[in-house]
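What follows is a single structure, written as C-alpha cells, with notes after it.
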Amino acid sequence: MAEVVEVIIVTVRDIFQDEAGRRSRFSDEYKNLSALIILDKQDMIRLEAKDGQKLLVKNDVGSVVVAAKTSEDDMHPGLAFMYNSPWSNQLVSDNVCDGSIPGNKRIKATLSTTEENMDITQISELQARMQS
Amino acid sequence: MVGAMEIYMLLPKTNCKKCGLPTCMAFAVGLLGREKKVDECTPLIEEKKYEAKLKKLREVMAPIENASETGLIIHPERCFGCGNCVVACPVNVAAEPTRSAVGLGPESEKVILRVEDGVVVANNLKECRRFGPNKTLCNACTATCPSKAIEFV
Amino acid sequence: MAICTGCSLLCEDIVATYENGALTHVKNLCRKGHGHFQAAFTERTVPMIDGEQVTLDRAIAKAAEILKSAKSPLLYGWSNSTLEAQAAGIKLAEKLGATMDDTSSFCQGILMERILSGKIPSCTLDDVRNYADTSIFWGSDPSSSHPRHLSRFSYYPRGEKRQKSYEEERTCIVVDVRKSATARLCSNYYFRVAPGGDAQFMEAILAVLEGKIPKVGDKKKMIELGSHLKKTKWGVIFPGPGMIDSLQDKMELFERLLAKLNEITTFKVIPMVGHYNMRGFNELMLEKTGFINRVSFKGGAAAHGPEHSALVAAKTCDAALVIGSDPLSALPFCTAHALARLPLIAIDPRRSLTTDAAKVVIPSAISGLEAGGTAVRMDGVKIKFEPIIDTNLLSDEQILTRIMEAI
Ligand code: SF4
Ligand code: SF4
Ligand code: SF4
Ligand code: SF4
C-alpha cells in the first residue's frame, strides 16, 4: 500500500494552461492542463504513482482529484506545484495574514492514490461546490 | 533529440552491409546526418520480424527527415511565441536594426525567424549562419529558447 | 497595427487579419496573446437573467435594480478594463456608496503602493531596454506569464547603451522556488529559495553587500552574487507574486535592500503586474481617492482598509458587480463560495465560472479588439488603442454609464 504523502503546494504559471483557459474554461483541454500536480520523483515513488495517476489532494480547506506529473526540475521532495486554476483554488485558504493575501504559494496538503474508478474532479463539480 | 545509439538499437544489428556501409552503427550515424535513408536498409524493410523496429525507427526519424538543410527543426507545439530567438538571431538583427534588434516584431522579408499565429516560423534558411561555405556554429536561437522549440540535428 | 491586452506588456506591434468572424493570420502575438485573440470567437456571452436569455435593456435594468436595493454592494474586477471604464466605475461606486477593489488587493498592491508613492524607485521598460545590464526576476517567471518580456525589454534586445545586449552586456538572474522556464535561460544565475524563504534570502544579499558572511544559501554563490550586484551599472528587479506572497508584511526589508543597492549603484523596480490595466486602476484610484485599492464609498467619503478587501467584502456585502474578471476561478474557494451566494452581476465578453453563477450577465466588447480606450502598462506608460473588429456590443464604459443612468 502506497503511503500518504505530505507536501507543500506552490501555485505557478504555465503558458499552455493559460492559453487553454483563455480559449475556454470548460474544455477538456483546460481541465487536462489544470487538474495536475507536479511532483518530485521521490514523492512519485513514495506514492507508487506513474505520470497520469489520479491523486486525491486534500487539506483543511478542500479536496480535489488531479493527475500526477513528474517534475523535470532538480530535486524538490516535499514540494509540489499546481497551476493557478479553480482546482488549485479549492485548496487555498482565504485567511492567511490579515485576510488580505491568500496563501497561494504555500498550501499544505496530503496526497494519496485514489481507488481505481476515481476520476479527475470535473469543473461542473467545482461549480456545484461553489454554489452549494 | 535522438542519438546514433538509439537509432542503432532499432536496426537489425547484423552488419550485413546491404546498405553500402560496413556496419549498422555506421548506417545509424548516416541516418542521423541525413546522408542515408531508412529504406536503404533493405533487410529492415523486407523482413517481417523487424516490423515493430521499422515502425519505431520511422517515428524517431520523422523530425530529422523534416529538418531543413541547415538542420534546424522547429517544434511549434512547444513554442511559447516569446520571440527570444527572433530578437537574438544575428541575421534578423542585421536585417532590421530598428525592429527585431530592439525587440519589435519583424517587418522585413529578409529575417529568418518570426512569430506567426502564436508560434515561431523560419524562412530564408539559406541566410542562416550555420549554412553555406562560411558557416559558423551559431546557436543564438536555440540558446535563447525557453522551451527547446528549436533544435539542430 | 493592433495592441494585445493579453498581459500588462500591452504589445503594440500586432498585425492581425480577420475574415468572416475568424482570426485568419496574426503576426508577433505570443502564444498567450494568440489564445487571448482567439477567445473573441468562442463562448461569447448573451444578456441573461437567472440563466434565461433576455434583451440587453432588461439585463441592464435588472442590474441597476439589484445595485440600487443593495445596502453594501461590492464592485470587483477592474484590472481588465480600460481607464475610461474604471473612471465610470468609480462614479458608480460613489453614487452607490459601494466597496471597490481589484486583484492588486491580494497580490501586487503592497508593492504598487510603494512604487506609486516613490518609496521604491522605478523606471520604464524602455529604460530597461536602453540601460539595464542586470535584470533580476524575483518570484516571477515572465517566460510563462509575460512571454515577450525578455525579448522586448529585459534581456535580449539591443538598447541605446546596450548594443551587445545579452551576449556581453546583460545578465539575467532568477530567484524562485523552482527552475522555471525563465530560470532555464539564466541557469548560471539561478537561486533557488524555499517557499517563504525570500526574506531570508534578502537578508543574505544585504549581508554580502555589507561585506558580511551570509547566513543562508551557498556562501560562495552568494558572495559572487554580491560582487555582481556591486559591479552592476544599471539594475532592475522584477518582483512577481512569488516574492510578494512570501514577503507579505516584510516589505520594508525590500525597501532596505533597494536603499542599500542604490547607495552602491542604480537599481530600479518594476512590479510584474499580470492583468493588462491593474496599474491603471491603482493609479486612477490613488488620484481620485488617495488609496490604490480596497476603498469603500459608504456614507460619501472614501474609506480604506483591509475590511474593504474583496476577500472580506465578499462575505459582508449583499450584492456584487464583477467586471472583466473571473473571481470564481481565480480566488480562493471560500471567497468564490461567498460570492456565488450573492446576487451577482457579471459584465464579461465571455462565459466564465462567474457568469455561470451570476444572476445577471451583461455581454461586453473585448477591449483592445472590439473596444478602444486607454490602459497603463506595468511600468506606468499610458497606451491608447483603437478597436480592430467591428461590433454592436457595448464597451464596459458604456454599460457602466447605462447602469448608472438607470439607478
Ligand atoms: S543494411 Fe541494415 S542490417 Fe545491413 S548493415 Fe546496413 S543497417 Fe545493418
Ligand atoms: S542558427 Fe543563428 S543564424 Fe541560424 S536561425 Fe539560429 S540564430 Fe539565426
Ligand atoms: S522557438 Fe523558442 S525562443 Fe523562439 S519564439 Fe518559440 S519559444 Fe520563443
Ligand atoms: S506578451 Fe502579453 S501583451 Fe505581448 S503579445 Fe504576449 S500576451 Fe500579448
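Just so we're on the same page: letters track the sequence lines, and every chain starts at 1.
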Item to check | Minimal non-hydrogen separation, Gly35(C) against Glu19(A), with atom names | outcome: CA-CG, 4.0 Å
Item to check | Interchain contact, Arg341(C) with chain A, by part (heavy-atom threshold 4.5 Å) | outcome: neither
Item to check | Contacting moiety of Ser143(C), where chain A heavy atoms sit under 4.5 Å | outcome: backbone
Checklist entry - How many angstroms lie between atom CD of Gln131(A) and atom CG of Leu339(C), to the nearest 0.5 angstrom? => result 11.5 Å
Item to check | side-chain contact (heavy atoms from CB on, under 4.5 Å) evaluation trace for Gln127(A) with Leu328(C) | outcome: CA-CA 8 Å; Gln127(A) 287 182 289; Leu328(C) 265 56; over 6 Å; no
Checklist entry - Is Arg178(C) reaching over with its side chain to a backbone N or O of Leu79(A), donor-acceptor style, under 3.5 angstrom? => result no
Next on the checklist: Is the shortest side-chain heavy-atom distance between Ser180(C) and Val12(A) below 4.5 Å?
Outcome noted: no
Next on the checklist: If I measure from the heavy atoms of chain A, does Asp326(C) come under 4.5 Å with its side chain, its backbone, both, or neither?
Outcome noted: side chain
Checklist entry - Does CD in Gln200(C) sit with more than 12 non-hydrogen atoms of other residues, nucleotides or ligands closer than 6.0 Å? => result no
Checklist outcome for this item: Applying a strict 4.5 Å limit to non-hydrogen atoms, the region of Ser85(A) in contact with chain C is backbone
Item to check | Under 4.5 Å from any heavy atom of chain C - which part of Ile123(A) | outcome: side chain
Next on the checklist: If you compare all heavy atoms of Gly6(C) against all heavy atoms of Arg22(A), which two are closest, and at what distance to 0.1 Å?
Outcome noted: O-NH2, 3.0 Å
Item to check | Proximity breakdown for Gln90(A) and chain C, heavy-atom pairs closer than 4.5 Å | outcome: both
Checklist entry - Can any side-chain N or O of His337(C) pair as donor or acceptor with the backbone N or O of Ser132(A) at less than 3.5 Å? => result yes
Next on the checklist: Which atoms of Asp74(A) are under 4.5 Å from chain C, going by heavy atoms: the side chain, the backbone, both sets, or neither?
Outcome noted: both
Next on the checklist: Is the positively charged end of Arg351(C) above the ring of Phe26(A), judged by distance under 6.0 angstrom from the centroid and angle within 45° of the axis?
Outcome noted: yes
Checklist entry - If you tally heavy-atom pairs under 4.5 Å against chain A, which of Gln38(C), Arg184(C), Lys32(C), Lys179(C) wins? => result Lys32(C)
Checklist entry - If you count the non-hydrogen atoms of other residues, nucleotides and ligands that lie under 6.0 Å from CD in Glu252(C), is the total more than 12? => result yes
Checklist entry - Hey, is NZ on Lys41(A) packed in by over 12 heavy atoms from elsewhere, all under 6.0 Å? => result no
Checklist entry - Got a salt bridge between Asp141(C) and Arg13(A), using NZ or NE/NH1/NH2 to carboxylate O under 4.0 Å? => result no
Next on the checklist: Keeping Asn89(A) on the side-chain end and Ser329(C) on the backbone end, is there a donor-acceptor pair under 3.5 Å?
Outcome noted: yes
Next on the checklist: Main chain of Arg23(A), side chain of Arg350(C): is a donor-acceptor contact present, judged purely on distance under 3.5 Å?
Outcome noted: yes
Item to check | Lys315(C) atom NZ, over 12 foreign heavy atoms within 6.0 Å | outcome: yes
Checklist entry - What distance separates Arg25(A) CZ from Asp356(C) CG, expressed to the nearest 0.5 Å? => result 11.5 Å
Item to check | Val10(A) versus Pro195(C), closest heavy-atom pair with distance | outcome: CG2-CG, 3.9 Å
Next on the checklist: Looking only at heavy atoms and a cut-off of under 4.5 Å, which of Ala39(C), Ala183(C), Gly196(C), Cys30(C) has the most pairs with chain A?
Outcome noted: Gly196(C)
